[in-house]
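Labels below follow one simple rule: chain letters A, B, ... track the order of the sequence lines, proteins then strands, and each chain is numbered from 1.
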2 protein chains.
Amino acid sequence: MITKKAKYALKALLELGADYDTKKPVLISNLAERGRIPKKFLELILLELKNKGILESRKGKGGGYLLAKPPAQVMLGTILRIIDGPLAPLPCLSQTAYRKCDECQDETHCSIRAVMKDLHDYQVNLLDNTSLEGMLEKGCAVAAVGNYAI
Amino acid sequence: MITKKAKYALKALLELGADYDTKKPVLISNLAERGRIPKKFLELILLELKNKGILESRKGKGGGYLLAKPPAQVMLGTILRIIDGPLAPLPCLSQTAYRKCDECQDETHCSIRAVMKDLHDYQVNLLDNTSLEGMLEKGCAVAAVGNYAI
DNA sequence: TATAAACACTACTAATTCTATAGACTAAAT
DNA sequence: ATTTAGTCTATAGAATTAGTAGTGTTTATA
């Protein structure tokens, strides 16, 4: 399961992706309301995404958040790694955060690892090739549903 | 990431799978030692697997645990669901434990759900079609590695 | 240049899950 | 009887999750 935090992040990013062309910052309160996300919690999430270079922000009146890059260049995998940590089902499979499994002796012959590697490869390939734009194209902007009615 | 508990369960089951033909029960202590698993923790895990019908046990001298079914009929997906819960990355994708996402209005148009469904389908298909036997065939018995040398 | 609007940052907390450990109990074999 | 081995319940520390609170800092603009 992905965390609620990650889902909140994605919802907010999809909203920002949909608004990208306007080049205008969107208020946290706005994103929180549209996505039904606790505002204070969302603040933390957006701040983290900003510090990781995904978002830009402007303070003061007329401020808010915007995507730092076009939605086609923001990958789902990147976001999930930032918010939920490594994608790998086993530490010994992670490329971004490799760690030997505590009790494992021989990685190359581990049959658990073999199956999980199959899974992981598919997963990484999918998530690192799916952009916010791609998501916005199929299915409408998730977050928008329910606010702008049927 | 799968939990340590799940990895412990799989290691023990793979050992039991490898020993299946002997029809002789294997001691918890034995499994614990071979897999470098805390014994008391493993007890709980095996008990749970027994209560779910995956294992059989015998008490008293000459007792221990054995697979309740041939290794070819014990699926990885089944084990992971028992130990770690639903496989689905989103509650609204789980077939065994469906739950509407808290803030979601329209599942059918949710673009997060759409990507995750792709992932989930692949995952379920892989894990529900991989048996202990299948795992034992490729890669040697994981757990055995390191105990029976090279 | 005051002031209001927004984000930035730190700290705290409640609840849950993960990873165990302890100890008493029960059943089977000899 | 006694030993062997699984069964079951309770407890506990650490980590993670999902927030909340409150103060600080920056910017626009009246």
Once salt bridge (charged side-chain N to carboxylate O under 4.0 Å, His left out) is applied, do any residues pair with B:Glu56, and if so which ones, sequence neighbours excluded? none

Using salt bridge (charged side-chain N to carboxylate O under 4.0 Å, His left out) as the criterion, list what pairs up with B:Lys40, not counting sequence neighbours. B:Glu43

Measure the shortest side-chain to side-chain distance between B:Pro70 and B:Glu133 over non-hydrogen atoms and say whether it is less than 4.5 angstrom. no

Close side-chain approach of A:Ile112 to B:Leu14, heavy-atom, < 4.5 Å: yes

Between B:Cys101 and B:Cys92, which heavy-atom pair has the shortest distance, and what is it? SG-SG, 3.6 Å

For B:Ala18 versus B:Leu136, what's the shortest heavy-atom pair and its separation? N-CD1, 3.7 Å

Tell me the interatomic distance from [X], atom [atom1], to [N], atom [atom2], rounded to whole angstroms.
{"X": "A:Leu16", "N": "C:dC7", "atom1": "CG", "atom2": "C1'", "result": "14 Å"}
{"X": "A:Glu56", "N": "D:dT26", "atom1": "CD", "atom2": "P", "result": "18 Å"}
{"X": "B:Phe41", "N": "C:dA22", "atom1": "CZ", "atom2": "P", "result": "14 Å"}
{"X": "A:Leu66", "N": "C:dC7", "atom1": "CG", "atom2": "C1'", "result": "13 Å"}
{"X": "B:Ile45", "N": "C:dC18", "atom1": "CD1", "atom2": "C1'", "result": "11 Å"}
{"X": "A:Leu42", "N": "C:dA6", "atom1": "CG", "atom2": "P", "result": "15 Å"}
{"X": "A:Glu48", "N": "C:dT10", "atom1": "CD", "atom2": "C1'", "result": "15 Å"}
{"X": "B:Ile2", "N": "C:dC18", "atom1": "CD1", "atom2": "C1'", "result": "14 Å"}

List every contact pair, protein side and nucleotides 4-8 of chain D side both N or O, where the distance is under 3.5 Å.
from, atom 1, to, atom 2, distance (Å)
D:dA5, O4', B:Gly60, O, 3.4
D:dG6, OP1, B:Ile28, N, 3.2
D:dG6, O3', B:Ser57, OG, 3.4
D:dT7, OP1, B:Lys50, NZ, 2.6
D:dT7, OP1, B:Ser57, OG, 2.8
D:dT7, OP2, B:Tyr65, OH, 2.0

Under 3.5 Å for both distances, Watson-Crick or G-U wobble, that's the pair rule; now give the dot-bracket for DNA chain D, with | marking pairs to another strand and [ ] for crossing ones. ||||||||||||||||||||||||||||||

Distance (rounded to the nearest 0.5 Å) between [X] [atom1] and [Y] [atom2]:
{"X": "B:Leu10", "Y": "B:Leu76", "atom1": "CG", "atom2": "CG", "answer": "5.5 Å"}
{"X": "B:Leu42", "Y": "B:Leu47", "atom1": "CG", "atom2": "CG", "answer": "11.0 Å"}
{"X": "A:Met75", "Y": "A:Arg81", "atom1": "CE", "atom2": "CZ", "answer": "11.5 Å"}

Could you work out, with side-chain hydrogen bond (donor to acceptor under 3.5 Å, both in side chains) as the rule, every residue matching B:Lys100, not counting sequence neighbours? none

Evaluate the ring planes of A:Tyr8 and A:Phe41, with Trp represented by its six-membered ring, and classify them as parallel (under 30°), tilted (30 to 60°) or perpendicular (over 60°). perpendicular

Close N/O contacts between protein and nucleotides 15-17 of chain D (under 3.5 Å):
none

